[in-house]
Amino acid sequence: MSIVDGDANRFGTVAFYASLGRAFVIMCGVVPLLFLIELLDQSTRHRLDVQAGIIPHALDGLDGVIFAPFLHADLDHFYGNSVPLLLTGTFVLATGVRRFLLVTAVIAVVSGLGVWFTGDPHTVVIGASGVIFGYLGFLLVRGIVERSWWGIAVGLLVGLLYGTQLTNALPGDTRFSWQAHLFGLIGGVVAAFLFRHRDEPRDRGMRLPLPLDQP
């Protein structure tokens with residue numbers, strides 16, 4: 001197998017398709033997990049939402065920065081997030097498990113803290129949409145940052161599919177937390193710069209200098 005055939009970051013290689021396939025399978029396991037959490041939440045009459053959601057400006061609501069992305073208001077809320085999470089999460093995860101975890105952590109923290117500092121203190125904010133917007137930001141910017149044509153192509157694809165949703169990162173419908181969307185998007189862009197892939201120079205073979213003096 002050549003070097004290119006084993007490079008998971010290069011479009012068209014066997015390793016690339018294998019990485020994308022594994023990422024899709026893993027994300028297909030994440031979505032049912034969130035579904036089970038929502039069923040558990042409903043069985044407790046949504047106590048999890050109140051206890052583990054983000055309550056802006058309240059210290060006892062700060063732990064929601066970690067737990068809120070796993071919770072949803074109802075099944076319709078969950079269904080609305082499941083497909084975008086599956087698609088965007090697959091492309092981010094395909095870039096590497098370690099980077100996926102780091103990117104997700106940065107997005108969740110930036111989005112969650114943004115909501116906690118700027119949100120309405122009389123609300124409880126839950127849902128994975130902040131993370132989804134973060135993945136959108138990461139994918140839209142990653143190709144440009146890394147100067148990768150494949151990354152740019154993925155960003156264009158995601159932009160065509162969900163570009164109109166970016167308007168939800170602006171103040172508008174009071175049913176949704178535009179702060180979670182906006183700060184999630186910012187977190188994704190920041191993560192694209194922090195965890196950009198740096199190409200290492202390839203070994204093109206060793207060149208031996210000719211001796212200056214022949215015996």
Spell out, as yes or no, whether a donor-acceptor pair under 3.5 Å connects the side chain of T88 to the backbone of L136.
-> no
Under 3.5 Å, is there a donor-acceptor pair between the side chain of S111 and the main chain of A180?
-> yes
Pairwise distance [atom1]([X]) to [atom2]([Y]) - rounded to 0.5 angstrom:
{"X": "F133", "Y": "L140", "atom1": "CZ", "atom2": "CG", "value": "11.0 Å"}
{"X": "I152", "Y": "R142", "atom1": "CD1", "atom2": "CZ", "value": "10.0 Å"}
{"X": "Q42", "Y": "R47", "atom1": "CD", "atom2": "CZ", "value": "14.5 Å"}
{"X": "Q51", "Y": "T44", "atom1": "CD", "atom2": "OG1", "value": "7.5 Å"}
{"X": "T118", "Y": "Q179", "atom1": "OG1", "atom2": "CD", "value": "4.5 Å"}
{"X": "N81", "Y": "L34", "atom1": "CG", "atom2": "CG", "value": "9.0 Å"}

Before giving the answer on side-chain contact (heavy atoms from CB on, under 4.5 Å), spell out for F24 and L93 the whole-Å C-alpha distance, their side-chain angles and the decisive distance to 0.1 Å.
-> CA-CA 8 Å; F24 179 75; L93 181 55; over 6 Å; no
Report the C-alpha distance between R22 and M27 in whole Å, list the side-chain angles of each, state the deciding distance to 0.1 Å, and finish with yes or no for side-chain contact (heavy atoms from CB on, under 4.5 Å).
-> CA-CA 9 Å; R22 287 193 298 268; M27 291 304 301; over 6 Å; no
Scan for ring pair (Phe, Tyr, Trp, His ring centres under 6.0 Å) pairs involving residues 52-72, sequence neighbours excluded, and state none if there are none.
-> H72-H77, H72-F78
Scan for ring pair (Phe, Tyr, Trp, His ring centres under 6.0 Å) pairs involving residues 80-119, sequence neighbours excluded, and state none if there are none.
-> F100-Y135
Can [Y] be reached from [X] by stepping across I, L, V, M, F, W or Y side chains whose heavy atoms are under 4.5 Å apart?
{"X": "V110", "Y": "L139", "answer": "yes"}
{"X": "V65", "Y": "L71", "answer": "no"}
{"X": "Y79", "Y": "L87", "answer": "yes"}
{"X": "I66", "Y": "I54", "answer": "no"}
{"X": "L102", "Y": "I107", "answer": "yes"}

Assess whether side-chain contact (heavy atoms from CB on, under 4.5 Å) is satisfied between L170 and L182, documenting all intermediate values.
-> CA-CA 7 Å; L170 300 174; L182 175 61; 5.8 Å; no
CG of L33: more than 12 outside heavy atoms within 6.0 angstrom?
-> yes
Residues two or more places apart in sequence or in another chain: which of them pass side-chain contact (heavy atoms from CB on, under 4.5 Å) with A191?
-> V103, V106, F138, F195
Under 4.5 Å between any side-chain heavy atoms of Y162 and P84, yes or no?
-> yes
Nearest heavy-atom neighbours spanning G53 and D63 | O-OD1, 4.4 Å
Heavy-atom closest pair, residues I37 and L48 = O-CD1, 4.5 Å
Evaluation steps, side-chain contact (heavy atoms from CB on, under 4.5 Å), between C28 and V25 | CA-CA 5 Å; C28 283; V25 170; 5.5 Å; no
